[in-house]
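What follows is one structure encoded as structure tokens, with my remarks underneath.
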Amino acid sequence: MNPLATLQKKPTPPRIDTTSHAPQRDKRESRPGLLADKGSPAVRPPAAAHLSDEQVAELCKELDTIKSDILKKRGTEDAKYIRRVIRLQRYLEVLGRGALILDGKNKAVWVAATAALASAKIIENMEIGHNVLHGQWDWMRDPDIHSTTWQWDFATPARSWQHTHNDLHHRWTNVLGKDKDVGFNLLRMDPAQEWKPVNLLNPVFNMVLAPFFEWGIAIYDLEIDLYLDGTKPKEVFMDDLKAFAKSGVSQIAKDFVVTPGLALATGAHKEAFLGTATANLIRNLWAHSVIFCGHFPDGTETFTDEMVDGEARGDWYIRQMLGSSNISGSKFLHFMTGNLSHQVEHHLFPDLPSSRYGEIAPKVKEICERYGLPYNTGPLYKQVGSAWGKVFRLALP
Amino acid sequence: MKRLRPLAQAASIAIHPLGVEELFGLFDPVFSRRQLRGVVTEVVRETPQSATIYFRPGYGWRTHKAGQWARIGVEINGVRHWRSYSISSAPGQHPSVTVTDIGEVSSTLVHNTRVGDVLFLAPAQGEFTLPEEARPLLMMTAGSGITPVMSMIRTLIPHQKTADVVLIHSARTEEDSLFVDELRALSAKFPGLRLVENFTAESGRFDMSTPAQLDAVCPDWRTRAAYVCGPEGFVSDAEALWTRSGTGAAGLTIERFHTDLNAGEPGAGGLVTFELSDKEVEADGESTLLEIGEDAGILMPSGCRMGICHSCLTPLRAGQVRDLRTGEVHGEPGELIQTCVSAAAGSVNLGL
């Protein structure tokens with residue numbers, strides 16, 4: 001038996017690209033990983049219009065250097081880091097849940113246990129799950145910490161999310177019509193999106209979405225719109241639906257049935273139920289806030305097809321920088337956001353270990369300043385406020 | 001234990017997507033759902049360049065047969081690497097591998113392994129095992145070829161009164177010779193083991209171009225079941241001798257030690273074999289494996305086609321690839337590669 005056999009995918013038919021925007025099969029363009037070093041899109045985004053092709057190529061080289069420097073340094077310390085975080089998360093999970101079951105009636109214990117469980121969920125989703133599923137730790141070749149094997153504590157199945165997120169969203173970051181993350185098919189988040197009367201409900205939708213964020217994402221990942229208009233084959237849709245049913249049932253079972261069920265033994269079943277529900281609520285509100293800070297605060301830009309057409313690697317980098325926004329704050333904040341507070345860096349280098357984003361952020365910022373490009377960042381309250389402002393503003397035509 | 005099972009099941013639902021193994025893993029690192037592991041319990045220095053590493057394997061490890069080998073995974077600079085090693089201990093004890101420093105992985109094992117370290121394991125395998133029925137044996141080993149044979153000798157000699165083993169072991173010098181003290185002690189104590197030592201720095205290689213030297217040290221070698229283990233040249237010399245002398249290679253059980261270093265050539269390309277699709281394509285060194293496969297009509301997993309989404313990960317069964325973004329040539333059997341940014345560097349075998 002091959003020891004890496006667990007890492008190997010079953011030879012099932014690969015997921016079919018359900019977007020109608022698959023890259024051209026032209027010899028040059030079919031390798032955007034090696035997106036040309038030269039060339040320019042039909043139209044450069046306004047914020048980058050002042051740059052010449054040569055300057056963009058130069059900027060591209062500088063960003064490539066940042067990446068290769070990290071790749072050279074990546075090693076034992078990084079591996080230790082992710083293992084430490086995983087251990088921390090497991091201790092928090094077990095202690096929090098265990099304490100709720102054993103002594104949930106004690107108020108102080110309840111508060112501490114619920115906080116531990118909420119933290120466990122947040123760390124699992126953000127610093128571990130999101131980043132492992134991006135393949136940030138694949139280089140370790142550890143089947144226990146790998147993008148092909150990781151299952152996360154979130155309603156949407158890991159594989160479905162990887163498709164809409166890693167592939168579609170990261171490839172077409174903020175390109176209207178291609179990146180459905182702009183509003184998640186639910187909200188109007190850009191003035192260029194056509195206004196419909198239903199958008200009046202923008203704030204209501206978002207207020208419902210926030211506490212049930214994991215369920216919203218799970219439904220979004222099903223790509224029901226693509227199934228209905230015939231772009232997503234029924235077979236693929238049914239597979240995704242089955243996977244969702246399975247993970248959804250597991251989520252509900254563990255937090256709302258089994259944990260309170262085990263607490264029947266101590267009579268703390270009600271408190272245990274309240275604890276797991278509160279932990280879920282905290283996680284969902286937090287995840288919603290962090291995700292909305294990534295691309296929606298004022299100053300983040302969206303793009304048109306003309307701005308992508310013919311895009312070379314440098315312009316791809318520029319699009320990632322213009323379309324993302326950071327959250328400034330302490331190391332603890334960066335950790336609890338899974339380093340998605342470094343959204344700009346994450347979008348430039350989605351598969352570098354998240355723990356390295358903080359280290360390269362000053363360099364990226366300096367490059368932005370030197371090339372006259374905006375580097376969108378601000379404290380949490382400002383970014384959250386700004387994103388919500390947009391939700392309200394764009395409810396109206 | 002039975003009464004605990006429903007509790008364990010409830011616990012594993014309560015901590016979904018973790019399994020109970022992950023909980024136990026907080027206290028004992030051998031627990032894992034996906035990966036067999038062992039914890040190092042003892043490191044014994046054999047020669048300046050070799051060491052025996054004993055480990056306590058996790059659940060799922062089956063007792064090996066004397067003579068078998070196992071793949072051992074070690075982390076170097078955070079990255080897991082796998083190599084095969086013969087298991088040198090007798091079945092029933094904590095398993096051990098005896099490793100000689102000849103490459104990066106072996107070097108790490110020999111010099112940097114400490115008690116308490118975690119090794120990654122694959123189940124023991126191999127056909128180089130003792131015959132079902134007792135019969136006189138001849139064992140010829142060279143260098144670290146002694147390791148699987150050592151497991152056989154430790155199994156056989158102290159426990160079988162009727163054992164009749166002639167062991168001809170070649171090493172460069174006495175100092176380089178593995179297990180030399182233990183072998184001498186065993187042969188002094190048990191008449192069933194006759195030890196012939198051959199130090200090549202003093203007396204040259206054991207000559208197998210004619211039967212003469214073998215006739216001299218073991219006249220009845222033709223009637224014995226023979227086991228040969230060592231480097232490629234040593235093993236093929238033995239094969240040739242058995243074939244020439246008319247005894248045929250049938251009575252000969254062999255195990256080759258080869259260092260698998262089929263380093264790929266950057267930019268050269270090569271023959272790409274898609275194993276499951278049963279297709280072969282000649283690839284240049286610049287096209288991505290994703291394109292090569294798609295052009296050959298294979299339904300390739302793919303996503304962003306720019307190396308960021310990891311949807312195209314495909315097991316590399318053999319060969320090496322070049323990362324077109326960095327120029328780095330890499331690849332080990334079992335490694336998952338991104339086909340959208342990898343080109344063939346020499347012949348490549350893919351699990352697609």
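All chains are named by letter (A, B, ...) in the order of the sequence lines, taking the proteins before the strands, and each is independently numbered beginning at 1.
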Between A:His170 and A:His346, does a ring pair (Phe, Tyr, Trp, His ring centres under 6.0 Å) hold up when you go through it step by step?
-> CA-CA 10 Å; A:His170 273 268; A:His346 171 56; 4.8 Å; yes

Intermediate values then yes/no, salt bridge (charged side-chain N to carboxylate O under 4.0 Å, His left out), A:Asp69 and A:Arg74 = CA-CA 9 Å; A:Asp69 284 350; A:Arg74 197 174 64 179; over 6 Å; no

Does the pair B:Glu21 and B:Ser32 meet the rule for a side-chain hydrogen bond (donor to acceptor under 3.5 Å, both in side chains), with working shown?
-> CA-CA 6 Å; B:Glu21 297 89 343; B:Ser32 163; over 6 Å; no

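Of all the listed residues (B:Leu26, B:Thr326, B:Leu36), the one sharing the greatest number of non-hydrogen pairs under 4.5 Å with chain A is B:Leu26. Ranked by heavy-atom pairs under 4.5 Å with chain B, the list A:Ala79, A:Ala120, A:Ser68, A:Gly135 is led by A:Gly135. Here B:Ala14 is the residue among B:Ala14, B:Gly25, B:Ser277, B:Ser12 with the most heavy-atom pairs under 4.5 Å with chain A. For the set A:Gln151, A:Met140, A:Gln251, A:Arg90, the entry with the most heavy-atom pairs within less than 4.5 Å of chain B is A:Arg90. Among B:Ala11, B:Ala10, B:Gly78, the residue making the largest number of heavy-atom pairs under 4.5 Å with chain A is B:Gly78.
Of the two parts of A:Ser147, only the side chain, counted from C-beta on, holds a non-hydrogen atom closer than 4.5 Å to a non-hydrogen atom of chain B. In this structure, chain B has a heavy atom under 4.5 Å from the backbone of A:Trp152, while its side chain stays farther away. Only the side chain of A:Arg97 has a heavy atom closer than 4.5 Å to any heavy atom of chain B. Of the atoms belonging to A:Gln162, not a single heavy atom falls under 4.5 Å from chain B. For chain B, the nearby part of A:Lys67 is the side chain; its heavy atoms alone come within less than 4.5 Å. Contacts of B:Leu18 with chain A are made by side-chain atoms alone, with heavy-atom separations under 4.5 Å and no backbone atom involved. When heavy atoms are compared at a cutoff of 4.5 Å, A:Asp255 does not approach chain B at all. For chain A, the nearby part of B:Leu23 is the side chain; its heavy atoms alone come within less than 4.5 Å.
Ring orientation note: the planes of A:His130 and A:His134 are nearly perpendicular, at an angle over 60° on the 30°/60° scale.
For the pair B:Arg71 and B:Tyr85, the cation-pi criterion (under 6.0 Å, within 45° of the ring axis) is not fulfilled.
Environment of OH in B:Tyr59: sparse, with no more than 12 heavy atoms of neighbouring residues, nucleotides or ligands closer than 6.0 Å.
Listed by chain and number, the residues in a side chain to side chain contact (heavy atoms under 4.5 Å, CB included) with B:Ile76 are B:His81, B:Glu104, B:Val105, B:Thr108 (sequence neighbours excluded). Among residues two or more places apart in sequence or in another chain, the side chain to side chain donor-acceptor pair (under 3.5 Å) test is passed with A:Lys254 by A:Asp153.
Side chain of A:Asn166 to main chain of A:Leu133: a donor-acceptor pair is present (N/O by atom type, distance under 3.5 Å, no hydrogens or angles).
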